[in-house]
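Okay, structure first, notes after.
For ligands, and for the atoms within them, numbers begin at 1 and follow the listed sequence.
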Amino acid sequence: MNTHEASYYAATANIQTDYPSLTGEAETDICIIGGGFTGVSAALHLAEAGFKVSLVEANKIGWGASGRNGGQICQGHNMGHEDMIKQVGKDTADLLWQSSVDSVALVKELVKRYNIDCDLTAGVLHVASKRRHGDEIKESVEYKRNTLGYSAVDYLTADEVAKKLGTDRYFGGEFYREGAHIHPLNFVLGMAQSAIAHGATLYENSTVISYKTGEKPEVFTEKGKIRCRYLLFACNGYLGKLNGAAAKKIMPINNFIIATEPLSDEQANRINAERVAVADSKFVVNYFRLSADQRLLWGGGENYSQHFPKDIASFVKKHMIEIYPELASHKIDYAWGGTLAITLNRMPHIARQEQNIFVAQGYSGHGVALATYAGAIFAKAVQGSLEGIDAFERLPIKDFPGGTLLRWPGLVAGMLYYSMLDRLP
Ligand SMILES: Cc1cc2nc3c(=O)[nH]c(=O)nc-3n(C[C@H](O)[C@H](O)[C@H](O)COP(=O)(O)OP(=O)(O)OC[C@H]3O[C@@H](n4cnc5c(N)ncnc54)[C@H](O)[C@@H]3O)c2cc1C
């Protein structure tokens with residue numbers, strides 16, 4: 001049986017799930033492949049709406065990126081609103097911006113509605129790692145406030161950031177008052193419990209090995225089969241070759257996090273008195289926050305291979321010490337990695353492949369809120385309301401050049417080039 005990757009989150013999970021594996025044949029309205037935010041949110045929203053829904057997860061609920069990530073939820077997409085306007089016009093760009101705001105609100109609302117104990121804490125601060133990024137951030141805050149009419153974001157000077165974070169390494173920042181951070185594994189587990197309470201069936205340790213399309217799609221595992229009316233692929237970075245057309249839209253990349261031993265109150269208050277989540281402006285982003293028990297959770301460093309680095313703790317710790325050298329002697333209690341999926345334009349790929357077959361993936365580092373949201377808009381699509389998915393479909397997601405086989409060499413070279421620029425002033 002596959003268990004969770006050892007991590008701070010796995011060690012502090014509220015529950016240990018032990019859902020059945022799929023054996024024999026079953027018939028359902030909707031079948032979902034993948035038990036992360038995308039799949040579990042879809043199951044929850046569909047079960048709430050009264051549908052018969054089955055979710056099939058190869059490992060454990062939350063085993064993938066959803067149980068291992070930085071837990072940061074923030075308004076905005078990787079692609080700026082102005083670039084979106086050039087591609088899809090103002091109306092769709094506005095809808096997409098609003099979807100990012102709604103996605104954050106949805107996570108908070110689900111936490112509240114289902115009383116999910118996942119350390120929900122307010123505030124996300126994006127900081128400038130280079131001087132020119134500080135100017136760009138200032139402009140971006142003005143744009144959000146004046147053009148998008150979004151006023152819950154404030155520009156902070158370098159001094160103001162230094163006061164909040166106890167370091168003078170940054171050149172200003174933007175503070176999202178309505179951004180937040182959560183214990184992601186406990187969030188997805190809480191959604192799973194709520195989905196089951198509404199009648200959803202969740203299978204674990206059940207790898208889907210193939211599927212058939214048609215009026216009644218069929219999904220096959222080694223020991224079972226599900227026939228359904230609608231099918232959702234929610235496998236993200238772990239999709240592999242299961243769905244070739246979807247696989248061409250994404251590139252899986254690995255990202256890593258460490259958790260220090262708990263900091264003293266004095267240390268914790270010095271580096272982050274307000275307990276906000278932080279992300280810097282590097283191409284390979286560093287992101288960090290304090291956990292509920294005052295560990296510094298620091299994410300940074302990524303690789304593009306099939307394997308994680310042998311010593312994840314050292315791989316990541318060097319980035320933390322650059323900002324907080326005083327933590328060099330702190331013990332690293334946990335170090336882990338996960339695989340996420342990016343798309344070519346870094347916007348999510350949420351689409352209908354056929355009338356009754358959907359895919360939602362490629363959140364490119366913004367999946368905590370957007371994957372949860374994707375599950376909700378898929379549920380609406382099944383009920384005949386396609387506006388949410390249409391907005392994303394209007395922004396085309398191109399295949400990676402070379403498809404799944406050849407996407408690596410060129411893309412990896414590009415990624416390494418940009419990550420090298422991170423090291424320049
Ligand atoms: C280290 C790290 C840090 C991150 N930090 C952040 C952050 O701070 N904020 C943010 O917004 N995003 C972050 N992300 C991204 C975010 O975690 C993902 O976008 C999000 O979790 C995607 O959710 P998902 O449900 O689509 O995929 P996943 O959670 O990866 O779930 C996919 C599931 O599909 C299952 N599966 C795959 N193939 C099959 C099959 N054949 N049969 C059955 N099941 C299958 C897998 O076992 C897996 O459980 C981070 C990601 C990583 C790895």
Polar contacts were defined as any N/O atom of the residue lying under 3.5 Å from an N/O atom of the ligand; does this apply to Ile33 and ligand 1?
no

Which of these, Val284, Val285, Asn286, sits in a side chain to side chain contact (heavy atoms under 4.5 Å, CB included) with Lys282?
Asn286

Starting from atom 14 (N) of ligand 1, locate the nearest protein heavy atom and write down its residue, its atom name and how far away it is, to 0.1 Å.
Asn69 CB, 3.7 Å

From the options Trp63, Tyr287, Phe256, select the one whose nearest heavy atom is closest to atom 2 (C) of ligand 1.
Tyr287

Taking side chain as C-beta onward, heavy atoms only, is Met84 less than 4.5 Å from Thr92?
no

In terms of the angle between their ring planes, are Tyr176 and Tyr150 parallel, tilted or perpendicular, with boundaries placed at 30° and 60°?
tilted

Is any N or O atom of Asn255, backbone or side chain, closer than 3.5 Å to an N or O atom of ligand 1?
no

Under 4.0 Å from ligand 1, counting heavy atoms only, is it the side chain of Ala234, its backbone, both or neither?
backbone

Phe37 heavy atoms within 4.0 Å reach ligand 1 at atoms 20 (C), 21 (O), 25 (O)

When only distance counts, is Val368 in polar contact with ligand 1, meaning an N/O pair under 3.5 Å?
yes

Atom 39 (C) of ligand 1: which protein heavy atom is closest, and how many Å away?
Cys235 SG, 3.8 Å

Could you find the nearest protein heavy atom to atom 52 (C) of ligand 1 and give me its residue, atom name and distance?
Leu340 CD2, 3.8 Å

Under 4.0 Å from a heavy atom of Gly70: give me the atoms of ligand 1 that qualify, with their elements.
3 (C), 4 (C), 5 (N), 6 (C), 7 (C), 8 (O)

Would you say the side chains of Asn236 and Gln361 form a donor-acceptor pair under 3.5 Å?
no

Tell me which protein heavy atom sits closest to atom 48 (C) of ligand 1, plus the residue, atom name and distance to 0.1 Å.
Glu57 OE1, 3.5 Å

Gln16 side chain reached by Asp18 side chain, heavy atoms, under 4.5 Å:
no

Does even one non-hydrogen atom of Gly365 get within less than 4.0 Å of ligand 1?
yes

Any heavy-atom pair between the side chains of Asp293 and Tyr8 that's under 4.5 Å?
yes

Using a 4.0 Å heavy-atom cut-off, which part of Thr38 comes near ligand 1: side chain, backbone, both, or neither?
both

So between Ala279, Ser66, Gly36, whose heavy atom ends up nearest atom 23 (O) of ligand 1?
Ser66

Heavy-atom pairs closer than 4.0 Å: do any link ligand 1 to the side chain of Thr339, the backbone, both, or neither?
backbone

For atom 16 (C) of ligand 1, which of the options Ala58, Gly367, Ala371, Ala374 provides the nearest non-hydrogen atom?
Gly367

Pair Tyr211 + Phe233: ring centers closer than 6.0 Å
yes

If the cut-off is 4.0 Å to any non-hydrogen atom of Asn59, which atoms of ligand 1 fall inside it?
47 (O)

With a cut-off of 4.0 Å, which atoms of ligand 1 are near a heavy atom of Leu242?
41 (N)

Could you tell me if Asn345 and Gln87 have a donor-acceptor pair between their side chains, going purely by distance under 3.5 Å?
no

Can you pull out the closest protein heavy atom to atom 30 (O) of ligand 1? Residue, atom name and distance to 0.1 Å, please.
Ala65 N, 3.0 Å

Ring geometry between His81 and Tyr143 (parallel below 30°, tilted from 30 to 60°, perpendicular above 60°)
tilted

Can a donor-acceptor pair be found, under 3.5 Å and without considering hydrogens, that links the side chain of Glu204 to the backbone of Tyr19?
yes

Around atom CG of Asn115, are there more than 12 heavy atoms of other residues, nucleotides or ligands at under 6.0 Å?
no

Check whether Tyr170 forms a cation-pi arrangement with Lys164 (NZ or CZ under 6.0 Å from the six-membered ring centre, at most 45° off the ring normal).
no

Can you list the ligand 1 atoms lying under 4.0 Å from a non-hydrogen atom of Thr207?
41 (N), 42 (N)

Look at Glu27 together with Lys216 and state whether they make a salt bridge at an N to O cut-off of under 4.0 Å.
yes

Non-hydrogen atoms of Gly71 versus ligand 1: any pair closer than 4.0 Å?
yes

Nearest non-hydrogen protein atom, atom 34 (O) of ligand 1
Gly34 CA, 3.3 Å

Asp154 bridged to Lys144 by N-O distance under 4.0 Å
no

Just heavy atoms, cut-off under 4.0 Å: does Ser206 contact ligand 1 by side chain, backbone, both, or neither?
backbone

With heavy atoms only and a cut-off of under 4.0 Å, state how Val56 meets ligand 1: side chain, backbone, both or neither.
backbone

Can you name the atoms of ligand 1, numbered from 1 with element, that are less than 4.0 Å from a heavy atom of Gly338?
53 (C)

Using 30° and 60° as the class boundaries, would you call the ring planes of Phe358 and Tyr230 parallel, tilted or perpendicular?
tilted

Atom 27 (O) of ligand 1: the protein heavy-atom neighbour that sits closest, reported with distance to 0.1 Å
Asn236 CB, 3.3 Å

Atom 8 (O) of ligand 1 has as its nearest protein heavy atom Gln72 N, 3.1 Å

Region of Tyr238 that comes within reach of ligand 1 [heavy atoms, distance under 4.0 Å]:
both

What are the two closest heavy atoms between Arg68 and Tyr9, and how far apart are they?
C-CE1, 3.7 Å

